[in-house]
Amino acid sequence: MTQTPSFRSDITVELVKHSASDTDVLWAARVSTAGEQSIEELSKDPERSKGLLNFLMRDRHGSPFEHNSMTFLVTAPIFVFREFHRHRVGWSYNEESGRYRRLEPVFYVPGAERRLVQRGRPGKYEFVPGTPEQHAVVGKVMEESYRQAYAAYQEMLTAGVAREVARAVLPVGLFSSMYATCNARSLMHFLGLRTQDERAAVPSFPQREIEMVGERMEEEWARLMPLTHAAFNANGRIAP
């Protein structure tokens, strides 16, 4: 069956399951000084809890932030995952396989808001908006390339070539999906590098597409662990 490529600029992140709350951090931290405590005991003094979380973050006592778990379903272009997989400590991944299933023809084309032009030298540069003509060229060239690549992929599949061989012609702009599981500490390391924020003590210059993933993950995490998230921001967005 011949399939027609489709194009999109959005990236999706869905929180599919979690065991994550501020009390997980408090429970892990206080066992070292007060022994095992109930959730009710931990919740009695909110200001004390905020103070402890801030102390842990400020003085970089990191292990209490590992006693939780979040699993996200990320749908993004393959080139995003190539950057993502540099984050190995505290992360687990399972990505869609091109060996065992036929890959769908969904490809990434930057939206009109995506800055296209790099200005300056490596290590000291900025991205600025492209002209309408540049956006038109990007869209035209990418779509033509994607159509040609997917037609070649389908031609080989039709000829009986194995999926794991035929996929070699597909570009990194192809959308893939993966489950990514992390804890709050590993997520903070990711956000410190892959998001740009004026509160950050250490500047970061992420590629926009992976920053979009980070922004959506941070929204979910902030909802689950608001006190931990606030302490992260108050202490320069540096992971403990």
Side-chain angles (χ1 to χ4, degrees), residues 3 5-18 20 66 68-111 113-116 118 122 127 138-139 141-143 145-150 152-154 156-157 162-197 204-221 237 239:
Q3 293 177 277
S6 61
F7 312 104
R8 56 183 285 192
S9 61
D10 62 310
I11 288 169
T12 60
V13 176
E14 177 187 357
L15 179 68
V16 295
K17 65 176 182 177
H18 68 87
E66 297 174 5
N68 53 82
S69 177
M70 293 165 278
T71 298
F72 299 94
L73 176 61
V74 182
T75 303
I78 289 173
F79 68 80
V80 170
F81 296 156
R82 295 300 169 266
E83 288 193 82
F84 216 121
H85 292 160
R86 295 178 183 274
H87 298 270
R88 298 182 293 278
V89 178
W91 287 90
S92 298
Y93 304 108
N94 278 90
E95 188 180 348
E96 176 182 345
S97 175
R99 295 185 67 194
Y100 303 117
R101 58 167 295 179
R102 182 189 183 108
L103 298 172
E104 295 299 313
V106 182
F107 297 94
Y108 178 74
V109 175
E113 73 286 349
R114 204 327 182 165
R115 295 171 182 260
L116 292 184
Q118 180 178 323
F127 281 88
V138 168
V141 172
M142 282 189 170
E143 291 182 15
S145 177
Y146 292 150
R147 288 191 177 96
Q148 181 178 1
Y150 200 78
Y153 174 68
Q154 291 188 108
M156 284 189 280
L157 293 181
R163 287 183 289 266
E164 65 183 57
V165 177
R167 65 176 174 171
V169 299
L170 295 174
V172 293
L174 180 77
F175 269 79
S176 185
S177 60
M178 72 171 179
Y179 287 115
T181 299
C182 64
N183 58 55
R185 189 183 191 185
S186 53
L187 181 58
M188 285 186 278
H189 278 287
F190 177 82
L191 295 175
L193 184 62
R194 302 300 183 180
T195 60
Q196 195 171 38
D197 193 291
S204 182
F205 305 94
Q207 182 165 338
R208 178 55 190 153
E209 287 76 13
I210 197 168
E211 184 179 35
M212 292 162 69
V213 174
E215 289 169 348
R216 286 154 180 74
M217 286 185 165
E218 185 167 358
E219 289 173 5
E220 296 290 353
W221 173 54
R237 294 176 67 86

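In this chain, numbering begins with 1 at the start of the sequence shown.
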Validation row: [X], [Y] side chains within 4.5 angstrom (heavy atoms):
{"X": "Ser9", "Y": "Val109", "answer": "no"}
{"X": "Arg114", "Y": "Glu209", "answer": "yes"}
{"X": "Val89", "Y": "Ser186", "answer": "no"}
{"X": "Arg216", "Y": "Val74", "answer": "no"}
{"X": "Glu83", "Y": "Arg194", "answer": "yes"}

Exam field: side chain Glu14 to backbone Leu73, donor-acceptor pair closer than 3.5 Å | no

Only counting residues at least two apart or in another chain, list the ones meeting ring-ring contact (aromatic ring centres under 6.0 Å, His included) with Tyr150.
-> Tyr153

Do the charged groups of Glu211 and Arg208 touch, with an N to O distance under 4.0 Å?
-> yes

Considering all heavy atoms of both residues, which atom of [X] and which atom of [Y] are nearest to each other, and what is their separation?
{"X": "Ile11", "Y": "Thr75", "result": "CG2-O, 3.4 Å"}
{"X": "Met70", "Y": "Ala184", "result": "CE-N, 3.8 Å"}
{"X": "Gly192", "Y": "Ser204", "result": "O-CB, 3.5 Å"}
{"X": "Pro110", "Y": "Val138", "result": "CD-CG1, 3.9 Å"}
{"X": "Leu157", "Y": "Ala166", "result": "CD2-CB, 3.9 Å"}
{"X": "Leu191", "Y": "Gly214", "result": "CD2-O, 3.4 Å"}

Quick one: side-chain contact (heavy atoms from CB on, under 4.5 Å) partners of [X], sequence neighbours excluded?
{"X": "Glu164", "answer": "Arg99, Ala162, Arg167"}
{"X": "Arg115", "answer": "Phe127, Pro129"}
{"X": "His189", "answer": "Arg185, Ala239"}
{"X": "Ser145", "answer": "none"}

Given the side-chain rings of Phe84 and Phe190, with only the six-membered ring counted for Trp, is the space between their centroids under 6.0 Å?
-> yes

Answer yes if the side chains of Gln3 and Glu104 hold a donor-acceptor pair under 3.5 Å, and no otherwise.
-> yes

Short side-chain donor-acceptor distance under 3.5 Å, Thr195 and Arg237 = yes

With sequence neighbours left out, write down each residue that passes salt bridge (charged side-chain N to carboxylate O under 4.0 Å, His left out) with Glu143, or none if nothing qualifies.
-> Arg147

At what distance, to the nearest 0.5 angstrom, does [atom1] of [X] lie from [atom2] of [Y]?
{"X": "His85", "Y": "Arg88", "atom1": "NE2", "atom2": "CZ", "value": "11.0 Å"}
{"X": "His18", "Y": "Ser69", "atom1": "NE2", "atom2": "OG", "value": "10.0 Å"}
{"X": "Asp197", "Y": "Glu215", "atom1": "CG", "atom2": "CD", "value": "9.5 Å"}
{"X": "Phe72", "Y": "Tyr179", "atom1": "CZ", "atom2": "OH", "value": "13.5 Å"}
{"X": "Arg163", "Y": "Leu103", "atom1": "CZ", "atom2": "CG", "value": "9.0 Å"}
{"X": "Ser92", "Y": "Asn183", "atom1": "OG", "atom2": "CG", "value": "9.5 Å"}

Enclosure of Tyr93 OH (heavy-atom neighbours >12, cutoff 6.0 Å) = yes

So does Arg86 have more than 12 non-hydrogen atoms from other groups sitting under 6.0 Å from CZ?
-> no

Would Val169 and Met156 satisfy side chain to side chain contact (heavy atoms under 4.5 Å, CB included), going step by step from the backbone distance to the final call?
-> CA-CA 10 Å; Val169 299; Met156 284 189 280; 3.5 Å; yes

Which one of Phe79, Tyr146, Phe81 satisfies the ring-ring contact (aromatic ring centres under 6.0 Å, His included) criterion with Tyr108?
-> Phe79

